[in-house]
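In what follows, a single structure is set out as structure tokens and then discussed.
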Amino acid sequence: MLGLQGDRSHAAVTSMCFNQQGDLLFVGYGDGHITAWDVQKASAVKVISEHNAPVVHLLYLGQDSQVTRQFNVISGDSKGLVVLIHFTVMPWVNRYSFKTTKLLDETTSTVLCASPLLSSEFHGGASTISQGNTTVSGSGIGSMMGGVVGGDAGWKLFEGSSLVEEGVVIFVTHQSALVAKVTGDVKAYSQLPKPEGVREGSMPYAAWKCMAQSNGSSTGNVPMQAPEKVSLLAIAWDRKVQVAKLVKSELKIYGKWTLDSSATGVAWLDDQMLVVLTSTGQLCLFAKDGTMIHQTSFAVDGSQGDDLIAYHTYFTNIFGNPEKAYHNCVAVRGATTYILGPMHLLVSRLLPWKERIEVLQRAGDWMGALNMAMTLYDGQAHGVIDLPRTLDDVQSAIMPYLVQLLLSYVDEVFSYISVAFGNQIGKLDQSDDSKNRSSSVHSEIKEQFTRVGGVAVEFCVHIKRTDILFEEILSRFVTVQQKETFLELLEPYILKDMLGSLPPEIMQALVEHYSMKGWLQRVEQCVLHMDISSLDFNQVVRLCREHRLYGALIYLFNKGLGDFRAPLEELLVVLRNSQGESATSLGYRMLVYLKYCFQGLAFPPGHGTLPPTRLSFLRKELLQFLLEDFDASNSQAVPNLASSRTYPNLYHLLELDTEATLDVLRCSFVEDKVPKSDHPLHDSANSNVDAAETIALMAEKQNLVQDIVNVLALVLDAGDFQTDGSTSCDDGRSIQIWPSKKDIGHIFEFIAYYVACQRANVSKDILSQILEYLTSEINLSPRQIIATLKRREKQVLALLEVVPDTDWDASCLLHLCEKTQFYQVCGFIHSIRHHYLAALDSYMKDVEEPIHAFSFICETLVQLRGSEFDAFQSAVISRIPDLVKLSREGTLLLVFDQFGRESPHILSELRSHPESLFLYLKTVIESHSTGTLDFSSLRKMDVIDFPSRRARGQPDRIEAYLDRISNFPKCLRNNPTHVTDEMIELYLELLCRYERNSVLKFLETYESYRVEHCLRLCQEYGIIDAAAFLLERVGDVGSALLLLLSDVNNKFIMLDAAVGSILSDGGMENFNAVLKGDKVNDILDIVHACVGLCQRNSPRLDPDESESLWFRLLDSFCEPLIDSYEGKLVSEGKRPMEGLAVSLGRQEDEVACKIKWKVPKSHKGAHILRKLFSMFIKEIVEGMIGYVRLPTIMFKLLSDNGSQEFGDFKPTVLGMLGTYDFERRILDTAKCLIEDDTFYTMSLLKKGASHGYAPRSLLCSICNCLLTKNSSGSSIQVFSCGHATHLQCELQESEASHKGSSAGCPICIPKKKGQRSRSKSALAENGLLSKSSSGPHQAHKAISLHPYESDTFENSYGIHPISRFELLTNLQKGQKLIQIENVPQLRLAPPAVYHEKVKKGIDLLKGESSSGISKIEKSSRSRSLREVKVKGSSIRFPLKPNIFGPKDVRCKQSLATRTVIADERNR
């Protein structure tokens, strides 16, 4: 207890701090004085009275670096006065003197928090003090705060002289935080603003932590660079936490996050962890990036609220109310955190790493203890300060303890298992069903040991101590007789590449155990995942040979020795002496191995790739091995060949699977791309050497291909063309004959490919055999036959292009090809024999690839001269009709490219072939309209990759022709085709004959045709939709509608029959079955066509005419439902276009098209028919909505069908009412919006007109001078926008800009020319002025006026917002033909609630009569139709709807004329 100070003994202690040695204590009191106490003598050495308010900040800044007997202290009171106290010690008299410097006074913002930056050797106040490796006793696991952290001791971050700059302090006020150096030359480093979202008046808390960042490491004689000074600053402000770095006087934000509640204190545990206390009693441990490490409560004995932490209320917020401050209530020493409460001191510490593990171990949480140990080993634990700094040193220090921990875990669990299951086994011996239960118990015991072993394996692998695993751990498994369990649990870790090697004895035991279990494949997979360099190679190879693990054997030789041939030799020896399935399996494994090697992939799959530089030599090595001879007399592998001679090793694989072996050989002959060198360009000598090596390598590959072909030729000689099947031996065994006919076919195709590539040569005999095979018949499915024959044809063609003509018999081959329909080969043979017409005929027979015929024609026309050219040209022209059928696009290209002058003659020749003429004209018109053609039909088959005649140095005919095709659009643009009206009409006639469905589309696309002629053609060929389109085009809408409905009666009859057939079959008596039929779709197509016709023409007709048109369509589908007969009455069927010529323009034709079929009541499908017709009527009515008034539609339906059941039209009526209600609601909503906007706009205008204007600034907006009257007596002018100017300045500005005065604000009104001479004014985005002058900028915030703000917010100036009605009006400006009529009457009143308006609208709707609605809508519709008729007077064809009488038409036309004249007079 320190002594009393007389009168000042009653003053409360408000702050204190120790010096670096701890012998001096500086204490601030509530009355403003500061006392320096000698702790050892318990006496006051100095009393300082610099403050008149409670001293709330005392910060020891450390000793002066220049004079060790001097040190500095900063003090601050609650009124904002901050003083730097400089102490000087005179040790010989033990006296202290001081000198004060005022840093901040009461005129500045009050400092709420201050914290000094000190080195790690001493931290004052809320900082850490590290003195030795002392350990504080723990209070149990409940005091732990997360992570594995050490005790009170800590390492020194810096040794020697301090790296921290002296006198750096952070001062935090209500609005910002300032980092400054206060000793020596005062200097401000950086300033941080208060974060957004912080509560006004909240207290900030700050804490420093110094650290060093190394810039490099010492290597050799180069010394390590000095560490860079880095200091971490944590600021907690309400719920916001910020961490910043101070590097060389520059402060940068490192991380920031938000708390769940406001902070009451911060402190650093080390340079990685930050302690934050919250107002809810939570102690939170964060990483410096904001990651939550741990959170716990520090409330003691149920204390809460103000009882948690001590605080003072000397500070006030901006509103003058006292604010609680919790400064100096949390401190950190090592790993211990001290929290000062009102009546208690709470001590919380982080347990040391070993104690943390022991706590979990004593609690029985072995998994948690082992996991914590592995976390320590990985260096991922936070706040561990009683361990070395580097990870390697940490692992070395804790390794013995980790090993002991694992062994303790295994021993304890093993003892538990032995006791637990020993008792169960004893009980089972006394029970009856002991065998079954004993097996289940033993399996459960094995499962438990497996779990323990898995934990041990993972732990040992993680800490890299497999020696412990295979010694101590294995010995414990052997003791409990669970060695097999231990061996089996190693497998998953080997396959996951966690265990890369095994000791030899363990490997031996593993293989023997798995071999005994029959799990050899699993052992092989384990070997493939091991590191060969760490294994006993000879032992593993011996084990693989003994247990026939050939995949592992290949892996060992390839990976360990880099030998790819040796495993192949061993496998071949085994294959020679094997039979049956084992030989087959081994042979296929050899094929897979060879394929991987040839492709540059490592075997087995999934082990990467081979070096590209070795690939070519590896292929050569393996191919040479396959070509080496073996003695067949000592082999059982090739029984079908004579045993008196030697054969290559390749024969074993060929006999196994000829097709697969040949596919593997193809992989070895793939041409590899030569990799580009990364080095600079070599000199010419090196380039020549590389070229010579490349040539030699290519020659070697060529020789290898020839050698393989020679070996296969020997097989053909020895096989003697055996047939498919088998022969029997004397002992009854069946031997498959090899080579079979299928195998020989594969060999033929292999040889043919490489001969065509010019990489091998064969004799004439072999060549004739190959050609005979390729042109032979095959027995496959039709789809396979087409693909196979096309592939063989390409092979034959490729062979003939490279083989000399003297090596094959042309006549014989021509006969075979004609028999097999190899038309391309026949054409090729005829062409080399100069039989050009025969060749052309052969190419024209190939309908799948017409490109060959046209390319041959183009090539031949270029090559021939004189009489041969004329004869061939005339022959081609005579074959134009057939060529058009072959490919119309190719024919047009041929005519365009070769026979341009003969085009009229070709057209005349085609007239005798109507179908060819139609195709030709179709192509001409397509090219004329689109400018190009689709030539994809020239080659319908997929292109098969075979060598072309480029091998013989000849140009590729196909590529030249493709170039012509690519240039066709350009040529067509330069010389377009001419299409005459005669050609159009001729094409239309042919189109009616051959493509009836395309007539309508053509008529819609083209316009240059005679309508009467086309109409006659459509009548003649009975094309209803096209004829209706033409009638509509000439304005005869009524006849068009009657024409579309002419066949609907027959469609109804067919629908009736279809419904009857479906119902008679039984089981399909539902509506969906009928709805999916074609007859319903046909009628729906007619309905949609008629509805589209009426919709297109309704705007051109008068309302009465439009209604008559629609109702004629509606009556056609309503009549079958009216007055149905008791029996089924069906009228005679009628051709669709019968009598069409007389129906156009005559009134009596309505009788001819009248619907006579009715829905019979006695029909068993009457309900389905009525439902279908209701659906048809619904489609029509939905199309009518918008063109015919809804009341009229309702009246029509109910009046004409009043005697029928209303249920048939219920969906239609409900849909109409729903549409009507929806449209009324839209209109009501739009009306409400207009009323609201109008009211608020008028309110704003009224408010602006009835209030005075006030300037926003006291400066003139032009001259930036004060708005005061000067001696000249100038006046001030205030505008409604808020700008104010001198009247004289405004006049001068107007004269300079417009040579006169202008109305309105000179700032807001844009000027066309000139600039302001004295100052600039910039309008912000919201339209308010932001002025600038030569002095400091003064910004004015814009006050936006929302249209729906209350009247209490008065603002008489500003730009008024645009109303929604004005926006909608602006959107209509581009639509000139639309005029707004009958704008609803607007009421100038405050807007009502939306629901009330809707309710009033509904009540009003209920009170309206249908007649009133009809009158209003009819009047509005008449006016709009008159406007449409005025603007639609430029229509090309007259309106002649024949369904109306002539008298009515004349009356309506005269009425329309009078209306137009009246409208013109009004204008």
Side-chain angles (χ1 to χ4, degrees), residues 128 130-155 267-277 282-288 291-298 300 332-339 346-413 455-456 458-460 462-465 468:
T128 304
S130 301
Q131 297 179 350
N133 278 333
T134 59
T135 304
V136 181
S137 61
S139 59
I141 196 170
S143 64
M144 297 168 53
M145 286 164 252
V148 184
V149 202
D152 295 340
W155 57 77
W268 287 95
L269 269 176
D270 58 7
D271 57 356
Q272 301 296 328
M273 287 192 301
L274 179 68
V275 177
V276 180
L277 303 182
Q282 297 293 321
L283 189 151
C284 304
L285 200 61
F286 290 97
K288 60 183 180 181
T291 304
M292 172 73 75
I293 299 175
H294 189 71
Q295 180 177 354
T296 186
S297 174
F298 61 86
V300 179
V332 173
R333 178 185 174 90
T336 305
T337 303
Y338 301 90
I339 303 174
L346 178 64
V347 180
S348 179
R349 73 183 183 93
L350 300 174
L351 294 181
W353 66 271
K354 187 180 296 184
E355 187 176 349
R356 170 66 170 134
I357 297 176
E358 290 176 353
V359 168
L360 295 173
Q361 182 179 354
R362 288 193 298 268
D365 188 4
W366 284 99
M367 293 298 101
L370 294 173
N371 184 50
M372 184 59 62
M374 288 191 293
T375 306
L376 276 170
Y377 182 84
D378 296 336
Q380 297 179 356
H382 296 279
V384 182
I385 59 176
D386 56 344
L387 284 176
R389 185 73 173 181
T390 62
L391 181 61
D392 294 338
D393 295 339
V394 169
Q395 293 176 353
S396 301
I398 68 175
M399 182 60 70
Y401 182 80
L402 299 184
V403 174
Q404 187 61 37
L405 176 67
L406 176 62
L407 296 178
S408 300
Y409 164 71
V410 174
D411 292 338
E412 181 170 344
V413 178
V455 173
E458 288 193 20
F459 192 83
C460 292
H462 193 87
I463 65 175
K464 301 177 183 178
R465 290 296 302 273
I468 302 298

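Atoms OH and CZ, on Y377 and R465 in that order, are 9.0 Å from each other to the nearest 0.5 Å. With values rounded to the nearest 0.5 angstrom, T337 atom OG1 is found 6.5 Å from L350 atom CG. Distance check: C460 SG to L402 CG gives 10.5 Å after rounding to the nearest 0.5 Å. Remark: L346 CG to L277 CG distance equals 9.0 Å, nearest 0.5 Å. How far CG of L387 is from CG of D393: 10.0 Å, rounded to the nearest 0.5 Å. Atoms OG1 and CD, from T291 and Q272 in turn, are 11.0 Å apart once rounded to the nearest 0.5 Å.
Evaluation of the side-chain hydrogen bond (donor to acceptor under 3.5 Å, both in side chains) rule for Q380 yields no partner, not counting sequence neighbours. Applying the side chain to side chain contact (heavy atoms under 4.5 Å, CB included) test to M374 and every residue at least two apart in sequence or in another chain returns N371, F459, H462.
D365 places none of its side-chain heavy atoms less than 4.5 Å from the side chain of V359. Between M273 and F286, the closest side-chain pair of non-hydrogen atoms is not below 4.5 Å. Counting only heavy atoms from C-beta outward, the side chains of L376 and I357 approach each other to under 4.5 Å. Put simply, the side chain of I463 reaches to within 4.5 Å of the side chain of M399, judged on heavy atoms.
Looking at every heavy atom in both residues, P388 comes nearest to V394 through O-CG2, 3.1 Å. Across T336 and R349, no two heavy atoms sit closer than the pair OG1-CB, 3.6 Å. Residues M292 and Q295 approach most closely at CE-OE1, 3.6 Å, considering heavy atoms.
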Please tabulate, for side-chain N and O atoms in residues 404-413, each donor-acceptor pair with protein atoms closer than 3.5 Å (sequence neighbours left out).
{"unit_1": "S408", "atom_1": "OG", "unit_2": "Q404", "atom_2": "O", "d": "2.8"}
{"unit_1": "D411", "atom_1": "OD1", "unit_2": "R476", "atom_2": "NE", "d": "2.6"}
{"unit_1": "D411", "atom_1": "OD2", "unit_2": "R476", "atom_2": "NH2", "d": "3.4"}

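Between W353 and Y401, the gap from one ring centroid to the other is short of 6.0 Å.
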Set out, in order, the CA-CA distance, both residues' side-chain angles and the distance that settles side-chain contact (heavy atoms from CB on, under 4.5 Å) for V455 and M367, then state yes or no. CA-CA 9 Å; V455 173; M367 293 298 101; 3.9 Å; yes

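Using a cut-off of 4.0 Å between Lys/Arg side-chain N and Asp/Glu carboxylate O, E355 and R362 are scored as not salt-bridged.
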